[in-house]
Amino acid sequence: MSFMAFGLLTLDLVRLVSSNAAFLSENGWQGLQDGGLRQLLELLISCVGAMAAWLLFKLCETVLIQSLTR
């Protein structure tokens, strides 16, 4: 399940973050007032969630491999 969560959280995440950064750099303060900063924070939270899901997946994988090799 953590691998699926990682996949869903990272779907187009790089494109969205780069588009948001371009929007903020083009529009400056007005872009921040129009919700660009909130969207950037939400995208960063998605990145952290995706990293947590990936780490959980790798942890489960490591535990499974260790239990199978003993």
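- Smallest separation of non-hydrogen atoms from L24 and L37: CD2-N, 4.2 Å.
- Here L41 contributes atom CG and S46 contributes atom OG; the two are 11.0 Å apart, rounded to the nearest 0.5 Å.
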Name every donor-acceptor pair, under 3.5 Å, that has one atom in a side chain of residues 4-11 and the other anywhere in the protein, sequence neighbours excluded.
{"unit_1": "T10", "atom_1": "OG1", "unit_2": "F6", "atom_2": "O", "d": "2.9"}
{"unit_1": "T10", "atom_1": "OG1", "unit_2": "G7", "atom_2": "O", "d": "3.4"}

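- With contacts defined as side-chain heavy-atom distances shorter than 4.5 Å, the pair C60/L64 does not qualify.
- Atom CD of E61 sits about 7.5 Å away from atom CH2 of W54, to the nearest 0.5 Å.
- Taking hydrophobic clusters as Ile, Leu, Val, Met, Phe, Trp and Tyr residues chained together by side-chain heavy-atom distances below 4.5 Å, I65 does not share a cluster with F3.
- The salt bridge (charged side-chain N to carboxylate O under 4.0 Å, His left out) test applied to R38 returns E42, not counting sequence neighbours.
- Counting heavy atoms from C-beta outward, N27 and D34 have side chains that stay 4.5 Å or more apart.
- In terms of heavy atoms, N20 sits closest to G36 at ND2-O, 3.4 Å.
- Both F23 and L32 belong to a single network of hydrophobic side chains, linked directly or stepwise wherever heavy atoms of I, L, V, M, F, W or Y lie under 4.5 Å apart.
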